[in-house]
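Counting starts at 1 for both ligands and their atoms, in listed order. The structure displayed is predicted, hence computed values, not measured ones. This chain uses plain numbering: 1 for the first residue, then up along the sequence.
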Amino acid sequence: MGKKWVYLFSEGDESMRDLLGGKGAGLAEMTKAGLPVPPGFTCTTEACLAYFAAGKRLPEGLWDQVQQAMQVVEKQTGKKFGDPKNPLLVSVRSGARVSMPGMMDTVLNVGLNPETLKGLAALSGNERFAYDSYRRLISMFGRIVKGINGELFEKVLDAYKAKTEGKRDTDLTTEMLKEIVAEYKAIYKRELGEEFPDDVWQQLSQAIEAVFNSWYGEKAVTYRRLNKMSDEWGTAVNICTMVFGNMGDDSGTGVAFTRNPNTGERELYGEYLVNAQGEDVVAGIRTPLKIAELAKVNPAIYQQFLETAQMLERHYRDMQDLEFTVERGKLWMLQTRSGKRTARAAIKIAVDQVKEGLITKEEAINRVTTEQVDALLHPYFDPVAKEQAAKRGDLITKGLNASPGAATGAAVFDAARAMRRAEAGEDVILVRPETSPEDVGGMLLSKGVLTQHGGATSHAAVVARGNNLPCVVGCEDLTILPEERKFLYNGREVKEGDIISIDGTTGEVFLGAIPTVEVDFAKERDLATLLSWADAIRRLGVYTNADYPRDAKRARELGAEGIGLCRTEHMFFEAERRPAVVGMIMARTDEERQKYLDQLLPFQREDFEGIFEVMDGLPVIIRLIDPPMHEFLPSRLELVEEVTRLRCSGANPQELAEKEKMLQLVESLSEVNPMMGLRGCRIGLLIKGVTEMQTRAIFQAGCRQAKKGIDVHVEVMIPLVSHVNELRLEREKLERVAKEVMAEEGITIDYKFGTMIETPRAALTADELAEYAEFFSFGTNDLTQMTCGFSRDDAEGKYLLQYVERKILPYNFFQSLDQKGVGKLVEMAVKAGKAVRPDIELGVCGEHGGDPASIDFFHRVGLKYVSCSPYRVPVARLAAAQAALRNG
Ligand code: PEP
Ligand code: MG
């Protein structure tokens, strides 16, 4: 026997997800569990890959196996494919290993032709239903298999709906549906120059090929690129006996989640459409009933469905996204898969499921992504500003709160334009009557999505939730006119480019921008619980980069266990300190400079006192001044302009003289490569008094706070060292100052001296440095710059992103550590440092300290901590725990 391309639902199970796709594996698993699944089979993802490898030809043996499987299905159903008396109809649906909602194609009602149509009408006793099914087949087949523009069919349907009283598809009469079928067939013939195929086997084989082809459809390719999914996976094709939700009022179709995908609440959440088929719910054509109302419409079915849903959640040990159809009062399950959910829901569900005993803490930690934790900490609209906006009359409407979060941006009415404007750096909100898979690229780059139609399971809602994108749908009182690039409300209009704000948490839509406020972390109990479990598992400490007491306080609330980097120079930029800073730089003698340093000392001491107080009991790593001096002075260009202006006007000779002096100084300090110039430890070594002043301020602050009972642990960090002599000389000098101050203050505090590893030479000679450093902190920003030769200030804005786009670089090394190159230096320095000083404290304070992939690396090389910006602290806590679970 040749290769097996086809598996009956009864032959597969969940473990075959890669081969059968998510949908196929789910159908097989439900079949195995004895749930009511219509008989069917799956053509494997391997068949899809073989189809493309053979230049888009069905692989040898596939068609025979499909025909054999159809025979089995015929036996199971007692129906026959193409039989005019008792016709079997099937759906042909895509299903990759990871769900790609709406990205690929589906054809329903395959097997209908004028003969089987009569049989279906007679068997069901419902001619209207038979024609309704037929018109769906012709339009779906025409659109998906043959590429006919779907709008041609939509226009016909809309015209007929307009003639009815209720204006809905269910109001169409049998006669109207017959006419629609005739018109659809005419469109098909006009567009393709051939008749709609009556041969049911031809329908089937072409539908299978069309689903395979949709793997490389534009929207699927875009979706995979944006979600970093491989083209190599292929899609399976599921051929499933049709069951009909459009057989009358005792039939219907629904989509439901086993828990609320917005909030995570444990309740059945979803929608149900009476007398409807397949994609009607997802497409948002009619506004569906809430699933709870099914309990009133059909209590027995509701109960059966509820029990099935609970059973599936227990079986898969995760929240499920279910599709089902009720055919004349009988429930059929059509899909189960792990449901997409908001960040908030993901965290609540994971925590609740641990408490319910369904999953372990470790599983909960792995279920929640770092992106979700990040999203939860995003700001929301300032309630006061929101109320004011409402009072001003700027609250336009309230739709359905489909995906939480606050977003402000320019309204844009087309996905392609939204994409372009977003790529140019603009904040945009995509506004559409409804969205379809073609819009996904534009949606993902927008700040938020707003639609006129659709419910909580519409395409817009599902995609937005899965991507942490604020989204409001179902704003039926807006008239969105994409062609005219505007929407109308209450006799007013919003044009493309006008700023709007949407609140995906409440469903409100506002005119204009609304300021946002930060999340109250203390109230995020589920997140706190999850992170406390993460803390018990992780080995890496999580510190923060904070320069001011308020940042340190915030970081501590978010779980920071120390300050890994306090950049002292930021404090020099404050207005009241500027004259002293400039004076210090301009000073011509040591005495003159000391005068200004003496003015700066109390300011610095105050800064450090505040930080020690907030970080009571935790380590605080303070880095001595780092940037080149010219950064504290006005720009050369500005000065040249002012000097020229003053020279021309002749009005203020004194000011001119001052500006000329400043310009001279700036020119004398100017360097071709300032990032490799007089900065870092070189300042302390070459400009007398600066780092001594800083050290004095640090130790005075530490001693004075210690006297007040604060538990001070200070670590003084010397930046940008390249040669051991730099470190040795600077350390010796500064430690003398430290001891002097402690003697003066009459108290000693816990302190360390150490260095940053920011230059390749420092990493290469880490053994020498370890003689004089009690700790290393990897400054991976500079280390990346200097190892790769990419300027930090220019590369990202100029060429680096192009490099990534063209795959010259695998990713942006400033965002995620270059583990092969820069990482090798880190590893070498760790080993060399430990060999000389076994208890050396090792950490990282470059931006990579908050990046999950880099955190995994730092865990593996055995650092003690990562340090990141305050808002990344929760992300780093989770990432560090995930790294521990992954690597042991
Ligand atoms: C670094 O270089 O990684 C670092 C943390 O220092 P800075 O970003 O201030 O240069
Ligand atoms: Mg640096």
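R623 counts as a contact of ligand 1, since one of its heavy atoms falls under 4.0 Å from the ligand. Not a single heavy atom of E847 sits closer than 4.0 Å to an atom of ligand 1.
The environment of M675 atom CE is dense: over 12 non-hydrogen atoms of other residues, nucleotides or ligands sit within 6.0 angstrom.
Under 4.0 angstrom from ligand 1, the non-hydrogen atoms of L565 all belong to its side chain. Residue contacts with ligand 1 for T780 involve N, CA, C or O but no side-chain atom from C-beta outward (heavy atoms, distance under 4.0 Å).
Geometrically, ligand 1 and G779 share a nitrogen or oxygen pair separated by less than 3.5 Å. At least one N or O atom of R792 sits closer than 3.5 Å to an N or O atom of ligand 1.
Only protein N, O or S atoms were considered, and those under 2.8 Å from the Mg ion (ligand 2) are E758 OE2, D782 OD2.
Distances below 4.0 Å separate heavy atoms of M756 from the following atoms of ligand 1: 4 (C), 5 (C), 6 (O). The C845 neighbourhood of ligand 1 comprises atoms 5 (C), with distances under 4.0 Å to a heavy atom of that residue.
At a threshold of 4.0 Å, the pair R605-E745 does not count as salt-bridged, since none of the basic side-chain nitrogens sits closer than that to a carboxylate oxygen. A salt bridge is absent between R696 and E692: the closest approach of a Lys/Arg side-chain nitrogen to an acidic carboxylate oxygen does not fall below 4.0 angstrom. Note on E847 versus R872: no salt bridge recorded, every NZ/NE/NH1/NH2 to OD/OE distance being 4.0 Å or above. For K733 and E730, the salt-bridge test passes: some basic side-chain N is under 4.0 Å from an acidic carboxylate O. Using a cutoff of 4.0 Å between basic side-chain nitrogens and carboxylate oxygens, E557 and R554 are scored as salt-bridged. Using a cut-off of 4.0 Å between Lys/Arg side-chain N and Asp/Glu carboxylate O, R593 and D590 are scored as salt-bridged.
You'll find the ring centres of F858 and F778 outside the 6.0 Å limit.
Q705 and K708 form a side-chain donor-acceptor contact under 3.5 Å, judged by distance and modelled atom types alone.
With hydrogens left out, the protein atom closest to atom 9 (O) of ligand 1 is R567 NE, 2.7 Å, a heavy atom.
A perpendicular orientation is assigned to the rings of F790 and Y803, their planes being inclined by more than 60° (bins at 30° and 60°).
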